[in-house]
Amino acid sequence: MTALLKVENLVTEFGGSSAKPGLRAVNDVSFSVERGKVLGLVGESGSGKSVTGFSIMRLLEKPGRIAGGRVIFDGADIANCSEEEMRRLRGKRIAMVFQDPTMTLNPVLTIGTQMVEAVRAHENVTKDVARQRSRDALARVGIPSPEERLSAYPHQFSGGMRQRVAIAIALLHKPDLIIADEPTTALDVTIQSQIISEFQKLTEESNTAVIWITHDLAIVSRLADDIAVMYAGRLVETGPVTKVLTDPHHPYTAGLIASVPSQNRRGEPLRQIRGMTPAINRLPQGCSFRTRCDRVTDGCLVMPPLLLEEDRSFRCIHPVLKETA
Amino acid sequence: MVTSIIRRLIQALFVIVAMTIIVFIGVSVIGNPVDILINPDANQAERARVIAHYGLDQPLWKQYLLFLQGLLQGDFGNSFVYGRPALGLIMERLPATLELAITALGIAIVFGLPLGLYAGLYPNRVSSKLIMSGSILGFSLPTFWVGLMLIMVFSVELGWLPTNGRGPTAELLGAQWSFLTGEGLRHLLLPAFNLALFKTSLIMRLTRAGVQEVLPQDYVKFARAKGLRERRVIAVHVLKNLMIPVVTIIGLEFGSLIAFSVVTESIFAWPGMGKLIIDSINLLDRPVIVAYLMMMVLLFVVLNFIIDICYTILDPRIRLDAKA
Ligand SMILES: Nc1ncnc2c1ncn2[C@@H]1O[C@H](COP(=O)(O)OP(=O)(O)O)[C@@H](O)[C@H]1O
Ligand code: SF4
Ligand SMILES: [Mg+2]
């Protein structure tokens, strides 16, 4: 089965031109997502997760631009298609949900206006029909008295409710793919849990593929089929969630797992990865993780290639391997 | 909503009362109108008669109360110079100033808004940089100099447009307007452009700054992520947020256009209020000065009120907070 989305050697830069390279926020990233599957894209803040998502949507802020690679969606390279072709995909076949629900909706337009326009951007229907569709969509994500809520403005909703509205908008056209960029990070834990369950239910119903961006491994283990770990703009490890989380090969992945609170015994201090994420314009030579790694040797002064092992891959010359008896 | 309107009305009333005191005392402090009113050759008895006639022999507080009393009846007293009601003099000149200010504001909006929008949307284009440099000129060139240049070029050299006056007028709603006749419109053009120059630059820069503030917002990105056409993203999502600060400034600037049209009116000999007030200050024509200042206070109070209402229409966050 061919993947719905195949990202191949994606490079995204801020500034620079075809002649001189700019700041590489995403560097040689490749992964694929199949219909109905969930890919968890994880990494610390600043590792390039959002930029990857916006590159796929082609919604990079200036001076950001895709400087290399391909984004194959349903067989066509959308990194190089026309702006109008891209617009027809956005919201219709590829939708996105953002991190901060308080900033996602336009404060001066009613929820109804913002939903109706989303329906009519892709379908030639009357306002009444679009409104009907919007109301049903709100009901599906668990918003009470949706008819009245259509006339309300975003600030009359709580953060959780606003994120439900954003999800309802993303699901309006039953897209093939949703990119969810840390959609629950800004919410309370209880709300977070509800929204994840509902999101999971709705995307399963419509067989929608999901790229769930997060730094929370607990969410990934609950939600995702596959995982891709990013560090300083590069992928450092990919594979099925069950394998990677129980048996990480890259020291960075292992460090992330060890720093999840539930992984620690009571009384034991949390094991944090030492040091700080380096700025993207001041990466060390060779392996980007070199300055923070416990297993570093002189061999790490050269950028390690992505090594393949069955259905997984990792970028390390001294991988962590589970001691098997 | 109703309570907030009533509260604002009461506030406005306080402002107006406070301004009557300030205006009255201010005008009483500067110069003595007696020197102008009375023929230097007049004898003592005649002096006393004139002073008593204008109530200038009364203590200041009593003069103030008399003034307030007149005010409530719309009577600011007679002009010392023209011997006619001061308010009437001002109302006669109001249409000239009003049409000049409205035309200038119209020009400023018609040019400032689209140019600012363009410069904000495409900040790196050469044309945008030219527009922004142009706006710096609009800010820094003195109005009187630009006015003289306009006359030099368009009236003297090219002979396209007249140099001064209102030209023929036509009546509408009981007032005389230049814009209703072709020749009057030609007279209006130069002074209106002169007055509009600074405001155009202001609206342009404000619009550009607004666009650059709104564009990177998540809700604009989300609007694009929904697959909206770029035209709708700009015309609805960007513009509607942009209008909040722009409308505020336009409202306030309209007041200042009327209040400070003095320079332009003087250069183009435009018979509006600005010219009247300058003459009145020179002659210490106290009733006219007071009437003019009170009109300006009223104007700004009314404008602020209208801006507030526009604001609540444009920004639902304010609207609903007020209701709660
Ligand atoms: N608008 C921008 N201009 C310049 N650099 C940017 C911009 N947005 C992101 N970057 C760069 O891309 C890097 C990755 O950002 P991002 O993808 O947002 O990280 P995260 O993994 O937290 O989502 C940042 O560290 C920053 O250096
Ligand atoms: S390549 Fe070397 S420095 Fe990089 S993660 Fe592996 S061991 Fe650590
Ligand atoms: Mg992010």
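From a predicted model like this one, the values you see are computed outputs, not experimental measurements. Chain identifiers are assigned alphabetically (A, B, ...) following the order of the sequence lines, protein sequences preceding nucleic acid strands; residue numbering begins at 1 within each chain.
Across all non-hydrogen atoms, the minimal contact from B/Gly227 to A/Ala121 is O-CB, 3.7 Å.
B/Asp218 is not listed as a side-chain neighbour of A/Thr102, based on a closest heavy-atom distance of 4.5 Å or more.
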Go through the steps for B/Phe222 and A/Thr104 under the test side chain to side chain contact (heavy atoms under 4.5 Å, CB included), then give the verdict.
-> CA-CA 6 Å; B/Phe222 191 66; A/Thr104 307; 3.3 Å; yes
Does the side chain to side chain contact (heavy atoms under 4.5 Å, CB included) test come out yes or no for B/Lys240 and A/Asn106, once each step is laid out?
-> CA-CA 10 Å; B/Lys240 232 184 154 189; A/Asn106 194 322; 5.9 Å; no
Run the side chain to side chain contact (heavy atoms under 4.5 Å, CB included) check on B/His237 and A/Glu117 step by step: do they pass?
-> CA-CA 11 Å; B/His237 287 262; A/Glu117 67 178 4; 2.6 Å; yes
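Judged purely by atom type and a 3.5 angstrom limit, A/His122 uses its side chain to pair as donor or acceptor with the backbone of B/Lys226.
The local environment of CD in A/Glu205 is crowded, with over 12 non-hydrogen atoms from other residues, nucleotides or ligands closer than 6.0 Å. Heavy-atom contacts from other residues, nucleotides or ligands closer than 6.0 Å to CE of B/Met91 number 12 or fewer.
If you measure heavy-atom distances from A/Leu105 to chain B, the contacts under 4.5 Å come from both the backbone and the side chain. Heavy-atom distances place no part of A/Ala170 under 4.5 Å from chain B, backbone and side chain included. Contact annotation for A/Glu83: neither backbone nor side-chain heavy atoms come within less than 4.5 Å of a heavy atom of chain B. With a 4.5 Å cut-off on non-hydrogen atoms, A/Met57 touches chain B through its side chain but not through its backbone. At a 4.5 Å heavy-atom cutoff, B/Leu215 makes no contact with chain A through either its backbone or its side chain.
One distance of note links CG of A/Leu109 with CG of B/Asn241; it measures 7.0 Å at 0.5 Å rounding. Here B/Leu228 contributes atom CG and A/Arg90 contributes atom CZ; the two are 10.0 Å apart, rounded to the nearest 0.5 Å. Rounded to the nearest 0.5 Å, atoms NZ (B/Lys221) and CD (A/Glu61) are 4.0 Å apart.
Highest contact tally toward chain B, considering only A/Arg87, A/Gln114, A/Met86, A/Met103, is held by A/Arg87 [criterion: heavy-atom pairs under 4.5 Å].
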